[in-house]
Protein chains: 2
Amino acid sequence: MSGSRGRVGRIRQQHEGTILKAAEHVFARSGFQGATMAEIALRAGMPKSNLHYYFGTKVEVYRAVLAHILELWLAETDRFTPDADPREALSHYIEAKMRLTAERPDASRVFANELLHGAPEIGDYLRGALRALVADKSVVIRGWIAAGRMAAVDPEHLFFSLWALTQTYADFETQVGAVLGRSNLGPADYRRATDHVLNLVLRGCGLMPPAAIEEPPCST
Amino acid sequence: MSGSRGRVGRIRQQHEGTILKAAEHVFARSGFQGATMAEIALRAGMPKSNLHYYFGTKVEVYRAVLAHILELWLAETDRFTPDADPREALSHYIEAKMRLTAERPDASRVFANELLHGAPEIGDYLRGALRALVADKSVVIRGWIAAGRMAAVDPEHLFFSLWALTQTYADFETQVGAVLGRSNLGPADYRRATDHVLNLVLRGCGLMPPAAIEEPPCST
DNA sequence: GAAAAAATTGACCATATGGTCAGGTTTTCA
DNA sequence: TGAAAACCTGACCATATGGTCAATTTTTTC
């Protein structure tokens with residue numbers, strides 16, 4: 001019986017999930033324009049008209065996929081607090097981002113595609129929530145720098161760098177794979193990539209990695 | 001009279017240039033699927049049928065644009081030689097990449113879009129020329145590291161990082177702009193971005209930037 | 001200056017694709 | 001159990017778009 005949103009469409013709930021999953025896959029590969037409702041429907045295992053029953057238009061599906069992704073993005077934030085250890089905070093953030101990239105590459109790709117085309121759907125999010133979040137964290141980082149706890153690095157640009165360094169492994173997996181001589185990246189590749197990014201960024205911020213240059217920084 | 005390719009189509013030469021320029025713009029904004037021949041033609045200032053006179057199909061235009069871009073990409077390479085100064089070589093590479101990104105953002109975006117969609121057209125280039133180039137340079141870098149001239153950084157991944165760090169300013173300009181509170185990036189932004197990337201990477205490789213900011217974290 | 005080659009163009013076509021809809025089936029719930 | 005709500009689907013339509021073509025004009029060349 002009801003509840004917050006209880007019995008409202010048991011089937012709907014489930015099928016919307018299936019559709020979103022299928023759509024993410026298709027949008028990641030073909031972009032918004034390239035994706036077809038027919039293909040999404042096929043992948044979701046239902047006739048096109050049924051897909052249209054759940055989502056009236058293609059943009060609606062697309063928006064839902066993006067909203068779903070933004071939820072993920074925003075979830076894994078805070079450790080950037082004035083009292084935190086900079087190395088700890090950065091390491092954690094990088095590891096989280098890399099894990100997300102490895103686990104949900106399609107999400108990253110849909111997001112990248114949206115940005116690449118001028119972010120027609122998520123411009124508000126970028127100028128709103130995201131900007132505020134970065135502004136907040138930047139204050140903290142500037143504090144760390146002023147206190148001599150890390151090297152002087154532009155905080156805003158540091159975020160751009162972190163995003164770029166991590167998401168490149170999903171967005172441009174083809175390129176990375178081609179250069180490394182594989183058709184796609186496996187867990188070992190992601191492990192190596194994470195180590196590399198950690199090494200580069202921590203050192204770049206004047207924070208030596210836990211176990212210097214030789215030993216893998218283990219941890220998780 | 002000829003010559004290498006002399007009198008062959010004076011008009012053709014010129015119009016193909018115009019078309020390529022228009023096409024780069026349109027492909028950068030809409031991707032391959034999203035771009036329409038009509039829009040390219042409009043931007044090039046000629047009727048669609050005339051466009052088809054120069055390039056039979058849309059893929060042909062697209063391939064030409066990509067070829068044009070790869071030319072640019074490959075031009076600005078070498079300084080990575082065994083005897084070179086690592087700091088010098090890296091700085092030069094970063095600055096060149098950033099300049100290219102600032103001057104030809106659309107080229108970067110078309111390339112990014114192609115990669116994002118699995119590089120159907122330039123897969124051979126990636127697995128061929130690019131892979132070989134990176135392999136070459138990686139040997140040099142490993143030499144530098146072995147000689148203790150820079151910190152131990154995975155050379156292949158270093159390249160991925162350099163590409164990501166620089167091209168992010170073109171590919172995801174919308175995001176960067178939104179976070180910085182601008183609608184698009186100006187020369188000052190690019191200058192700041194370049195400084196940041198130089199700072200982060202050089203320090204990250206154990207090579208202090210020329211004018212040190214804090215404490216030189218020694219070499220290794 | 002005329003014939004040949006190159007360039008130009010509007011009209012037209014085939015197809016793909018987003019979206020609609022009327023009618024049918026299943027599920028829910030009093 | 002029966003009616004209302006939710007769900008399903010094949011057939012259909014309108015439009016956008018890549019591409020063709022025959023006829024015409026401009027440029028080159030001898």
Side-chain angles (χ1 to χ4, degrees), chain A residues 1-27 29-66 110 113 117 120-121, chain B residues 1-27 29-66 110 113 117 120-121:
Chain A
M1 310 276 139
S2 85
S4 55
R5 220 204 148 193
R7 174 81 28 275
V8 177
R10 195 189 85 249
I11 298 181
R12 187 175 204 97
Q13 207 84 15
Q14 184 184 329
H15 281 194
E16 282 185 359
T18 314
I19 291 172
L20 253 41
K21 202 173 155 191
E24 183 177 287
H25 181 94
V26 174
F27 282 129
R29 262 148 205 77
S30 315
F32 175 71
Q33 309 250 20
T36 74
M37 291 298 267
E39 200 183 341
I40 295 173
L42 182 71
R43 200 174 174 85
M46 62 182 65
K48 201 177 53 147
S49 17
N50 202 10
L51 173 53
H52 275 286
Y53 172 73
Y54 288 106
F55 294 91
T57 69
K58 190 167 143 183
V59 211
E60 265 177 65
V61 187
Y62 185 61
R63 289 212 187 98
V65 170
L66 283 176
V110 173
N113 195 64
H117 294 3
E121 301 295 337
Chain B
M1 299 277 143
S2 86
S4 53
R5 224 203 145 193
R7 179 71 35 273
V8 176
R10 193 188 86 248
I11 297 179
R12 185 172 208 101
Q13 207 85 14
Q14 184 185 328
H15 281 196
E16 282 186 357
T18 313
I19 292 171
L20 253 42
K21 202 174 153 190
E24 184 178 285
H25 180 95
V26 175
F27 282 129
R29 262 148 206 76
S30 316
F32 175 71
Q33 310 248 20
T36 74
M37 291 297 268
E39 199 184 342
I40 295 174
L42 182 70
R43 198 175 175 84
M46 63 181 67
K48 203 178 54 150
S49 16
N50 202 9
L51 173 53
H52 274 287
Y53 172 72
Y54 288 106
F55 294 91
T57 70
K58 190 167 143 183
V59 211
E60 263 177 65
V61 187
Y62 185 62
R63 290 213 187 98
V65 170
L66 282 175
V110 173
N113 195 65
H117 294 3
E121 300 295 337

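These figures come from a predicted structure and were not determined experimentally. Letters A, B, ... mirror the listed sequences (proteins, then strands); counts begin at 1.
Taking 4.0 angstrom as the limit, R12(A) places a side-chain polar atom (N or O) nearer than this to OP1 or OP2 of dC7(D). In terms of phosphate contacts, Y54(B) brings a side-chain nitrogen or oxygen within less than 4.0 Å of OP1 or OP2 of dT8(C). In terms of phosphate contacts, N50(A) brings a side-chain nitrogen or oxygen within less than 4.0 Å of OP1 or OP2 of dT9(D). Not one side-chain nitrogen or oxygen of Y53(B) sits closer than 4.0 Å to the OP1 or OP2 atom of dT20(D).
If you take CD of Q14(B) and C1' of dT27(D), they are 14 Å apart, rounded to a whole angstrom. One can place CD1 of I40(B) at 14 Å from C1' of dG19(D), the figure rounded to the nearest angstrom. Separating the CE atom of M46(B) from the P atom of dG10(C) is a distance of 13 Å, rounded to the nearest angstrom. Whole-Å rounding puts the I11(B) CD1 to dA7(C) P distance at 6 Å. Whole-Å rounding puts the R10(B) CZ to dA5(C) P distance at 19 Å.
Across the interface with DNA chain D, nearest-nucleotide mapping of S49(B) and P47(A) shows P47(A) to be the residue nearer the 5′ end.
Side-chain contact between V61(A) and F27(A) is present, with heavy atoms from C-beta onward closer than 4.5 Å. Counting heavy atoms from C-beta on, the side chains of F32(A) and Q33(B) never come closer than 4.5 Å.
In this structure, NZ on K21(A) lies 15.0 Å from CD1 on I40(A), to the nearest 0.5 angstrom. In this structure, OH on Y54(A) lies 13.0 Å from CG on L20(A), to the nearest 0.5 angstrom.
Applying the side chain to side chain donor-acceptor pair (under 3.5 Å) test to residues at least two apart or on different chains, the pairs with a partner in residues 35-46 of chain A are H25(A)-R43(A). Residue pairs meeting the salt bridge (charged side-chain N to carboxylate O under 4.0 Å, His left out) criterion with at least one member in residues 53-64 of chain A, sequence neighbours excluded: R63(A)-E121(A).
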N/O-N/O pairs, protein side and nucleotides 16-18 of chain D side, under 3.5 Å:
unit_1: dG18(D); atom_1: OP1; unit_2: A35(B); atom_2: O; d: 3.1
unit_1: dG18(D); atom_1: OP1; unit_2: K58(B); atom_2: NZ; d: 3.2
unit_1: dG18(D); atom_1: OP2; unit_2: M37(B); atom_2: N; d: 2.9
unit_1: dG18(D); atom_1: N7; unit_2: K48(B); atom_2: NZ; d: 3.1

